[in-house]
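These notes are about the structure you will find just below.
Scope of the values below: all heavy atoms of this structure, side chains included, with no hydrogens, waters or symmetry mates.
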Amino acid sequence: MSDIIKKQLEAYQPNFLKHGSSPEGTFQNNSTTQFERFNQLLLPLLNAKPDGFTICDIGSGIADLHRYLTDNGIKHQYTGVEIVPEMVEVSKEKYPEARFLNVDLLDENFTEQFDFVVLSGTFNIPGSVSKKEWEQFILDVIKKMFSISRIGISFNTLTSYSTFNADELFYQDPSKILHFIQAELSRFCIINTAYPLYEVSYSVFKKEFLKNKYPHPDFAKYFKG
């Protein structure tokens, strides 16, 4: 287990043991804003493949994303990845039809492929991790997410362009994330800040997926190189 994962456990595990299976237990303000985050993350992905997809939820908590998809009648196969063992056990009891893994995403042995890989809120609370280490951790996680996706990924970060600031939270400069996406992953991305929360949602798609989505010869030149 890496030092960063140990420090994340120190931040999340005691809070969950205190508040249990509730929004507070996973550092959510309420279900209303949490579900709006899910809505913004999923819209671009559902436009690409409306249902019948496999999805991996990084930092799945108590599988609220699975509940959101199910309650909205969206057919999917769900895998939750979570480092807090107590959250995994609660999720397994609540949703026996889904799959949950108590693993570190950055483990080199974790190479399973999914249509979509998503992350919501995990980048917000660095705990005792230094800013420099946390910034690199965020990029490492995004890169790993993209590597195990077949179609694309969606994730969110708090934005440095905010009228609110809390010392325990991490606010990311969107331009840094955009540069990383374009330089290291794919030029095919969507960035969304057009909703009330102090955050940015990013969706990044695989080149081959979009190439197949736009098969007309007139688009061919845009997928060369």
Side-chain angles (χ1 to χ4, degrees), residues 1-16 19 21-29 31 33-42 45 55-69 78-88 90-91 100-107 110 114 116-131 133-149 152-160 166 168-174 176-177 180-181 185 192 197-204:
M1 183 184 294
S2 71
D3 287 342
I4 287 181
I5 296 302
K6 289 178 182 177
K7 290 177 180 178
Q8 283 286 280
L9 269 173
E10 291 170 0
Y12 280 89
Q13 192 174 39
N15 182 71
F16 182 72
H19 295 288
S21 186
S22 67
E24 294 83 0
T26 55
F27 289 111
Q28 303 294 330
N29 291 324
S31 295
T33 53
Q34 182 186 25
F35 287 173
E36 183 56 27
R37 287 188 177 93
F38 294 160
N39 178 51
Q40 299 297 336
L41 283 174
L42 291 169
L45 301 183
I55 186 167
C56 182
D57 182 12
I58 307 302
S60 55
I62 52 175
D64 289 325
L65 179 63
H66 174 58
R67 176 161 68 99
Y68 177 88
L69 288 165
Y78 179 91
T79 297
V81 171
E82 175 56 58
I83 63 169
V84 180
E86 291 83 359
M87 292 184 184
V88 172
V90 167
S91 299
F100 300 95
L101 304 174
N102 182 208
V103 299
D104 177 0
L105 171 70
L106 296 181
D107 187 323
F110 188 71
F114 306 88
F116 302 137
V117 183
V118 299
L119 176 152
S120 181
T122 299
F123 294 148
N124 296 354
I125 303 176
S128 59
V129 181
S130 71
K131 179 180 179 181
E133 287 181 304
W134 192 247
E135 286 181 330
Q136 186 58 52
F137 176 74
I138 288 174
L139 300 183
D140 290 343
V141 169
I142 295 169
K143 190 171 185 178
K144 180 62 177 285
M145 289 172 63
F146 198 66
S147 75
I148 63 172
S149 69
I153 66 174
S154 280
F155 62 94
N156 51 34
T157 68
L158 295 175
T159 177
S160 55
E168 70 274 13
L169 301 179
F170 184 80
Y171 298 86
Q172 178 70 59
D173 182 346
K176 291 183 178 180
I177 297 295
F180 175 76
I181 289 171
L185 304 182
N192 179 18
L197 309 183
Y198 297 125
E199 64 185 44
V200 184
S201 289
Y202 306 83
S203 297
V204 192

Closest approach of [X] and [Y], non-hydrogen atoms and distance?
{"X": "Ser60", "Y": "Glu82", "result": "N-OE1, 3.3 Å"}
{"X": "Asp104", "Y": "Phe110", "result": "O-CB, 4.5 Å"}
{"X": "Leu65", "Y": "Ile55", "result": "CD2-CD1, 4.3 Å"}
{"X": "Leu106", "Y": "Phe137", "result": "CD1-CE1, 3.9 Å"}
{"X": "Thr122", "Y": "Tyr12", "result": "O-OH, 4.2 Å"}
{"X": "Ser160", "Y": "Pro174", "result": "OG-CD, 3.7 Å"}

Euclidean distance, [Y] [atom2] relative to [X] [atom1], rounded to 0.5 Å:
{"X": "Asn102", "Y": "Met87", "atom1": "CG", "atom2": "CE", "value": "11.0 Å"}
{"X": "Ile62", "Y": "Glu86", "atom1": "CD1", "atom2": "CD", "value": "13.0 Å"}
{"X": "Asn124", "Y": "Leu169", "atom1": "CG", "atom2": "CG", "value": "6.5 Å"}
{"X": "Phe114", "Y": "Tyr78", "atom1": "CZ", "atom2": "OH", "value": "11.0 Å"}
{"X": "Lys144", "Y": "Leu119", "atom1": "NZ", "atom2": "CG", "value": "13.5 Å"}
{"X": "Thr159", "Y": "Glu199", "atom1": "OG1", "atom2": "CD", "value": "9.5 Å"}

Are the side chains of [Y] and [X] in contact, using a 4.5 Å heavy-atom criterion?
{"X": "Leu41", "Y": "Asn192", "value": "no"}
{"X": "Ile138", "Y": "Phe180", "value": "no"}
{"X": "Arg67", "Y": "Phe35", "value": "yes"}
{"X": "Val81", "Y": "Asp57", "value": "no"}
{"X": "Phe38", "Y": "Asp64", "value": "yes"}
{"X": "Glu135", "Y": "Lys176", "value": "yes"}
{"X": "Leu105", "Y": "Ile148", "value": "yes"}
{"X": "Asn156", "Y": "Leu197", "value": "no"}

Pair Tyr68-Asn39, side-chain contact (heavy atoms from CB on, under 4.5 Å): steps then yes or no
CA-CA 9 Å; Tyr68 177 88; Asn39 178 51; 3.4 Å; yes
Kindly indicate, with the supporting measurements, whether the criterion side-chain contact (heavy atoms from CB on, under 4.5 Å) is fulfilled by Ile142 and Val204.
CA-CA 10 Å; Ile142 295 169; Val204 192; 5.9 Å; no
Hey, does the side chain of [X] reach the backbone of [Y] with a donor-acceptor pair shorter than 3.5 angstrom?
{"X": "Gln8", "Y": "Ile125", "answer": "yes"}
{"X": "Tyr171", "Y": "Ala166", "answer": "yes"}
{"X": "Trp134", "Y": "Ile4", "answer": "no"}
{"X": "Lys131", "Y": "Phe170", "answer": "no"}

Pair Asp140 + Lys143: basic N to acidic O under 4.0 Å
no
Could you check Val117 against Phe155 for side-chain contact (heavy atoms from CB on, under 4.5 Å), going step by step and ending with a plain yes or no?
CA-CA 8 Å; Val117 183; Phe155 62 94; over 6 Å; no
Option among Ser203, Ser201, Ser120 that satisfies the side chain to side chain donor-acceptor pair (under 3.5 Å) test with Ser154
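Only one of Ser203, Ser201, Ser120 forms a side chain to side chain donor-acceptor pair (under 3.5 Å) with Ser154, namely Ser203.
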Step by step, work out the side-chain contact (heavy atoms from CB on, under 4.5 Å) result for Leu139 and Ile177.
CA-CA 8 Å; Leu139 300 183; Ile177 297 295; 4.2 Å; yes
